[in-house]
Number of protein chains: 2
Amino acid sequence: MDADPISSAEAGPARRDAERTRAEILEVAVSEFCEHGFDGTRVDAIAAKTRTTKRMIYYYFSSKEQLYVAALEFVYASIRSAEQEVDVAHLEPVAAIRRIAELTFDHHEAHPDFLRLITMENMHRARHIRQLSSLVSMNTPAVDRIATILERGRASGDFVRKIDAVDVHMLISSFCFFRVANQHTFGALFHRNLTDVALADHYRAMVGDLVVEYLTSDGDRTAPTVALAGPATRGAARRRARR
Amino acid sequence: MDADPISSAEAGPARRDAERTRAEILEVAVSEFCEHGFDGTRVDAIAAKTRTTKRMIYYYFSSKEQLYVAALEFVYASIRSAEQEVDVAHLEPVAAIRRIAELTFDHHEAHPDFLRLITMENMHRARHIRQLSSLVSMNTPAVDRIATILERGRASGDFVRKIDAVDVHMLISSFCFFRVANQHTFGALFHRNLTDVALADHYRAMVGDLVVEYLTSDGDRTAPTVALAGPATRGAARRRARR
DNA sequence: GTCCTAACGTACTAGATCGTTCATTGAGTG
DNA sequence: CACTCAATGAACGATCTAGTACGTTAGGAC
């Protein structure tokens, strides 16, 4: 048992294994920072949950803050590497953008810890994440994919809305992010569990509908807020026209 | 000068004024908790920014945690009292829901500190806010107003989407919330300042368009994600029909 | 074997931090 | 004016916490 050379992360003693020690510290640090935030996390608590000591945390990461940055980068990298580069090129523009929305939805659902770290970084006004310039390049593909779909959709005539890819990304993200990140206060104040598994399909469809309806309309009918006459008539006319 | 009986919150000494002392502690506590979070805030730091001492914080609020809860409640109450009960009954359903969206947008824009506290509460999994049952009743009017508009909209034929008021509120809030709360990481990763004043009108119009287009469509055209034929044709047909 | 060094552990420190103790003061009351 | 008590302040203490000093061990090189 104790002679097992290929010990799992939790099992064997595996003494003098720098890689494993470092990795274990990082793994525990991620979960502690996610749960308690930077200020709420205790270095001693991290050490206690590893099979090594606090000394090693400083040996490998120098300071609590550098450990935090390393944890941030680690989570970001693992999220991104896990994200399979889904191909939506074969889909019609409308179906493609809906697919992107649904993938974003699933991504947020699958990584609540990631969202917590992002949230914390915003509390810190992105002080740490700015140090990780590598993260910028990780996000451009996502926007580029949307940009391609938008171009195709405009060419086909499906998308008439004037909007760029960054805003579409923001629109999709905002819905998916809020649902997960604000579930607790929303649940407390409105008695609705946004992450109820029975509602997952409902909200996944909703974000798709949302972005599709937005992109396939041009807003000329609804733009003037102060218009007093017409909306009802126009709305009715539209429904008839769509039958 | 020092005899001024109606001293402002910052001016006169006003010794032995329980109300004022308590209020000043609360005010400073709000700003400190907003800035540094619960764990990041130092009771000594709060005391130092008031004209009284730490002793008084414990005299009036018993503990750091109870002070935090009091700060949370105070912010919530002041936000709500400042929110004028806007009348949208005279507006057509489409214009009314757009107005609600725009008001929500402005509300989020005007109260970033409030958003920070909400965010922190979600980090705490709403542990503190659950103690404040009074807050629930503060939020029902907002949802009720939306519900009324939805009913009117369905009656007039403008709104054909099947959705309830809570989800509409969530949809609007998610966009407005994300834009402000996640501005820092979003700016760092996508090089777009979501709170740039030059973009405020753009995003305010966007959230209005978003909710209006969503409610005035029924989604039957776009529901089947996997449908391979049709979207482009239908999209073109729709544009023609709307001319 | 012995030498070297990366990897590791124990025990500690200096300062921070929440909360308290104890004494005092001022404003209202009779 | 004396009395009372809410309101207040200075200083302290127990504990916690990030970070360190110093010694030890394992494992490879030769």
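Residue numbering restarts at 1 for every chain, and letters A, B, ... go by the order of the sequence lines.
- The distance between atom OH of A:Tyr59 and atom C1' of C:dT5, rounded to the nearest whole Å, is 9 Å.
- Ion pair A:Arg204/A:Asp201 flagged as a salt bridge, since at least one NZ, NE, NH1 or NH2 atom sits closer than 4.0 Å to an Asp/Glu carboxylate oxygen.
- Within the nucleic acid shown, B:Ser62 has no heavy atom closer than 4.0 Å to any nucleic acid atom.
- The distance from atom CD of A:Glu19 to atom P of C:dC8 is 10 Å, rounded to the nearest whole Å.
- For the pair A:Ser63 and B:Arg55, both in contact range of DNA chain D, the more 5′-proximal nearest nucleotide belongs to B:Arg55.
- Candidate nucleotides D:dA7, D:dG9, C:dT17 were compared by shortest atom distance to the side chain of B:Thr52, and D:dG9 ranks first.
- Summary of the strand contacts: B:Thr53 and A:Lys64 both lie near DNA chain D, and taking for each the nucleotide with the nearest heavy atom, the more 5' one is attributed to B:Thr53.
- With respect to B:Glu27 and B:Arg20, no salt bridge is recorded, no charged nitrogen being found less than 4.0 Å from a carboxylate O.
- Regarding B:Met56, its CE atom lies at a distance of 13 Å from the C1' atom of C:dC22, rounded to whole Å.
- Counting non-hydrogen atoms under 4.0 angstrom, B:Tyr60 reaches the backbone sugars and phosphates but no base.
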Practice prompt. Report the C-alpha distance between A:Arg161 and A:Asp167 in whole Å, list the side-chain angles of each, state the deciding distance to 0.1 Å, and finish with yes or no for salt bridge (Lys or Arg N to Asp or Glu O under 4.0 Å).
Written response: CA-CA 12 Å; A:Arg161 174 74 59 177; A:Asp167 281 348; over 6 Å; no

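- With C:dC8, D:dT8, C:dC18 as the candidates, the nucleotide lying closest to the side chain of B:Thr21 is D:dT8.
- One interatomic measurement links the two molecules: CD of A:Glu24 to P of C:dC8, which rounds to 10 Å at whole-angstrom precision.
- Ring orientation note: the planes of A:His111 and A:Phe114 are nearly perpendicular, at an angle over 60° on the 30°/60° scale.
- The distance from atom CZ of B:Arg22 to atom C1' of D:dT8 is 16 Å, rounded to the nearest whole Å.
- Rounding to whole angstrom units, CD1 of residue A:Ile57 and P of C:dG9 are separated by 11 Å.
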Worksheet item: Would B:Glu32 and B:Arg42 satisfy salt bridge (Lys or Arg N to Asp or Glu O under 4.0 Å), going step by step from the backbone distance to the final call?
Response: CA-CA 8 Å; B:Glu32 288 292 298; B:Arg42 303 293 156 231; over 6 Å; no

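- For the pair A:Arg42 CZ and D:dC16 C1', the interatomic distance rounds to 8 Å; values are reported in whole Å.
- Protein atom NZ of A:Lys54 is 13 Å distant from nucleotide atom P of C:dC12, rounded to whole Å.
- Closest approach to the B:Val43 side chain among C:dC18, D:dT8, C:dC8 is made by C:dC18 (side chain taken as heavy atoms from C-beta onward).
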